[in-house]
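Residues take their numbers from the sequence shown, with the count starting at 1.
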Amino acid sequence: MKRNDPERRVIVVGAGAAGMLAAGRAAEMGARVLLLEKTDQVGKKILLSGKGRCNLTNARPREEFIARYGPNGKFLYRAFHHFFRDDLIALFGRFGLELKTERGGRIFPSSDEASSVIRCLSRYLEESGAEVRLCCPVSGLTVCEGRVRGVETEGGEIGAEAVILATGGASYPGTGSSGDGYKMAALLGHTIVPLRPALVPLVVEEIGLAKSMQGVTLTNVRLSAFACRAEEIREELIPASDVGRSCGSRRGTSPVIESRQGEMMMTHFGLGGPIVLLLSLAVVDGLKEGPVGVSLDLKPALTVKMLENRIQRDLDGSGKKGLKKILMGLLPRKLVEPIAALASVPLDRQAHQVTAQERAVLARTIKSVRFNIRRSLPLKQAIVTAGGVSLIEVDPRSMASRLASGLFFAGEVLDLDADTGGYNLQAAFSTGYLAGEKAAALALAGL
């Protein structure tokens with residue numbers, strides 16, 4: 001079989017993480033590969049990942065890794081068995097990219113620059129012999145007798161023996177991820193699991209309260225989401241440990257949707273930062289069923305009674321010192337006035353004037369600052385798209401469509417999403433590599 005035979009071509013649609021790995025691997029296998037990208041640059045979304053540093057993957061063991069994708073994670077066993085973290089590290093090592101491991105097992109390029117990742121992937125494409133065509137949007141798939149035979153572009157149809165859809169999700173449309181792949185897959189009969197924003201900040205109803213705390217970064221706090229209004233949250237049900245996807249505990253019949261401990265930040269519209277992003281999808285899904293309220297525990301290492309005793313000790317040792325100064329030793333400066341207002345305790349009180357009841361209310365308030373969630377930021381501002389092509393209709397051994405021969409999927413177009421920490425990119429790389437290899441085998445066999 002001649003490699004330059006256009007009818008034995010593999011076409012990859014989308015030059016993101018999944019598409020670049022798919023094209024590189026297919027070409028490496030000996031197929032004639034054409035990578036089509038609608039924008040003027042490859043890897044645009046990669047440049048945004050990890051705040052421009054590109055969190056490539058994670059050092060956690062495979063089983064813990066799989067758990068980060070929730071129930072759909074089992075779909076990735078075959079892809080990860082075929083091409084996983086160590087294989088990815090070795091691939092980048094071929095092109096001289098040095099990596100480093102940081103807190104939480106996150107693996108970054110030592111350069112701290114996502115552009116260095118793009119350069120390596122571009123070299124992979126070049127050395128493997130894949131052709132890259134930029135500014136070439138694909139408008140549809142060419143199908144003949146139930147088999148995908150190529151793609152439709154503004155310049156006409158391009159024939160192929162296999163097509164890989166690696167078009168990404170529907171978040172950050174400026175990077176080229178505008179949902180095109182979902183439409184093409186749906187036209188061939190594929191089920192598209194409803195799209196929702198994942199890893200996205202949350203907008204609260206109490207905008208005034210949020211604005212009064214705006215800009216504060218909180219470390220080692222706990223945020224818990226409940227399937228009820230914030231004012232209906234029962235203190236005794238607030239979890240003391242993480243609950244939700246990959247946390248080893250299930251919600252069951254409890255009103256707790258999810259609970260995470262770590263870092264977050266207050267914004268002018270509500271809540272952002274790592275733990276907010278982690279529980280955001282559960283909140284988004286919860287809002288479809290009814291109201292969602294959250295409880296923010298500013299001192300999760302202390303019980304209410306322990307915190308009340310701590311406040312009492314601070315008051316006892318302060319004499320005529322004002323309550324405001326005392327609370328500044330316990331809370332970030334910008335939270336002092338909002339917390340005192342929520343607890344209805346005047347800040348101009350002197351230490352010896354604070355009553356036992358006021359101490360108790362202050363402690364409970366610090367342990368449970370309440371917000372009602374109005375919505376998340378829109379899908380286009382989410383880091384990841386949840387939902388996508390139903391995994392039931394995709395063969396996990398090859399990433400091939402079960403409905404249309406000659407069609408393969410890779411990356412975020414699939415109904416796969418995970419926590420932050422390099423998991424989403426690893427899934428894109430792994431599914432892309434596997435899809436590229438199997439699509440090449442199909443094209444070269446000429447079946």
Side-chain angles (χ1 to χ4, degrees), residues 6-27 31-46 121-122 125 128 130-144 147-190 192 385 388-389 393-394 398-401 403-416 427-429 431-440 442-443:
E7 296 307 316
R8 301 295 175 231
R9 178 192 282 128
V10 173
I11 291 178
V12 182
V13 185
M20 295 176 83
L21 255 289
R25 183 54 178 163
R32 183 168 186 258
V33 178
L34 177 60
L35 175 58
L36 302 177
E37 167 56 37
K38 66 189 293 185
T39 72
D40 60 355
Q41 183 181 350
V42 300
K44 277 193 169 183
K45 194 170 182 181
I46 293 176
L121 292 173
S122 297
L125 292 171
S128 63
E131 178 187 352
V132 180
R133 195 174 297 177
L134 301 176
C135 301
C136 186
V138 171
S139 56
L141 301 174
T142 303
V143 182
C144 181
R147 182 184 177 90
V148 173
R149 292 291 187 181
V151 301
E152 299 172 2
T153 71
E154 291 180 355
E157 294 183 3
I158 305 175
E161 195 71 19
V163 174
I164 302 173
L165 282 183
T167 47
S171 59
Y172 293 122
T175 66
S177 298
S178 53
D180 301 340
Y182 304 128
K183 299 172 187 175
M184 287 184 262
L187 287 174
L188 293 185
H190 274 281
I192 307 301
T385 303
V389 175
E393 299 163 359
V394 180
S398 61
M399 298 297 127
S401 166
L403 306 184
S405 60
L407 178 62
F408 297 77
F409 298 98
E412 200 177 345
V413 71
L414 293 163
D415 181 23
L416 287 168
F429 289 134
T431 56
Y433 190 93
L434 180 58
E437 188 168 300
K438 299 303 182 181
L442 177 67

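Applying the side-chain contact (heavy atoms from CB on, under 4.5 Å) test between Val138 and each of Met184, Lys38, Glu154, Glu152 identifies Met184 as the sole match.
Looking at Arg9, its side chain does come within 3.5 Å of a backbone N or O of Gly159 through a donor-acceptor pair. Between the side chain of Ser401 and the backbone N or O of Leu407, no donor-acceptor pair lies under 3.5 Å.
No side-chain heavy atom of Thr142 sits under 4.5 Å from any side-chain heavy atom of Val148. Between Leu442 and Val10 the shortest side-chain heavy-atom distance does not fall below 4.5 Å. Side-chain contact between Ile164 and Val13 is absent, with no heavy-atom pair separated by less than 4.5 Å. In this structure, Leu35 and Leu125 have side chains that are in contact, with non-hydrogen atoms separated by less than 4.5 Å. With a 4.5 Å cut-off on side-chain heavy atoms, Met20 and Val42 count as touching. Using a 4.5 Å heavy-atom threshold, the side chains of Leu34 and Val12 count as separate. In this structure the side chain of Leu121 reaches within 4.5 angstrom of the side chain of Phe429, judged on heavy atoms.
Glu131 meets the side-chain hydrogen bond (donor to acceptor under 3.5 Å, both in side chains) test with Arg133; sequence neighbours excluded. Listed by chain and number, the residues in a side-chain hydrogen bond (donor to acceptor under 3.5 Å, both in side chains) with Thr39 are Glu37 (sequence neighbours excluded). Residues passing the side-chain hydrogen bond (donor to acceptor under 3.5 Å, both in side chains) test with Lys45 are Ser171, Glu412, sequence neighbours excluded.
Taking each heavy atom of Ala27 and Val33 in turn, the nearest pair found is N-CG2, 3.3 Å. When all heavy atoms of Ile192 and Ala185 are compared, the pair lying nearest together is CD1-CB, 4.2 Å. In terms of heavy-atom proximity, Gly189 sits nearest to Leu403 at O-CD1, 3.4 Å. The two residues Ala410 and Ala435 have their closest heavy-atom pair at CB-CB, 4.2 Å. Nearest heavy-atom pair across Val163 and Ala160 is CG2-CB, 4.3 Å. A pairwise comparison of heavy atoms in Ala31 and Ala440 identifies CB-CB, 3.8 Å as the closest pair.
Here the straight-line distance linking atom CG of Leu21 with atom CD of Glu437 works out to 11.5 Å at 0.5 Å rounding. Expressed to the nearest 0.5 Å, how far CE of Met399 lies from CZ of Phe409 amounts to 11.0 Å. Going from atom SG of Cys135 over to atom CG of Asp40 covers 5.0 Å, rounded to the nearest 0.5 Å. Atom CD in Glu157 sits 9.0 Å away from atom OG in Ser139 (nearest 0.5 Å). Atom CD1 of Ile158 sits about 5.0 Å away from atom CG of Leu36, to the nearest 0.5 Å.
Note on Glu161 versus Arg147: salt bridge recorded, some NZ/NE/NH1/NH2 to OD/OE distance being below 4.0 Å.
Ring centroids of His190 and Tyr182 are separated by 6.0 Å or more, keeping the two rings apart.
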Checking side chain to side chain contact (heavy atoms under 4.5 Å, CB included) for the pair Leu188/Leu141: CA distance, chi angles, key distance, verdict?
-> CA-CA 9 Å; Leu188 293 185; Leu141 301 174; 3.6 Å; yes
Decide side chain to side chain contact (heavy atoms under 4.5 Å, CB included) for Asp415 and Val389; before the verdict, give the C-alpha distance in whole Å, the side-chain angles of both, and the deciding distance to 0.1 Å.
-> CA-CA 5 Å; Asp415 181 23; Val389 175; over 6 Å; no
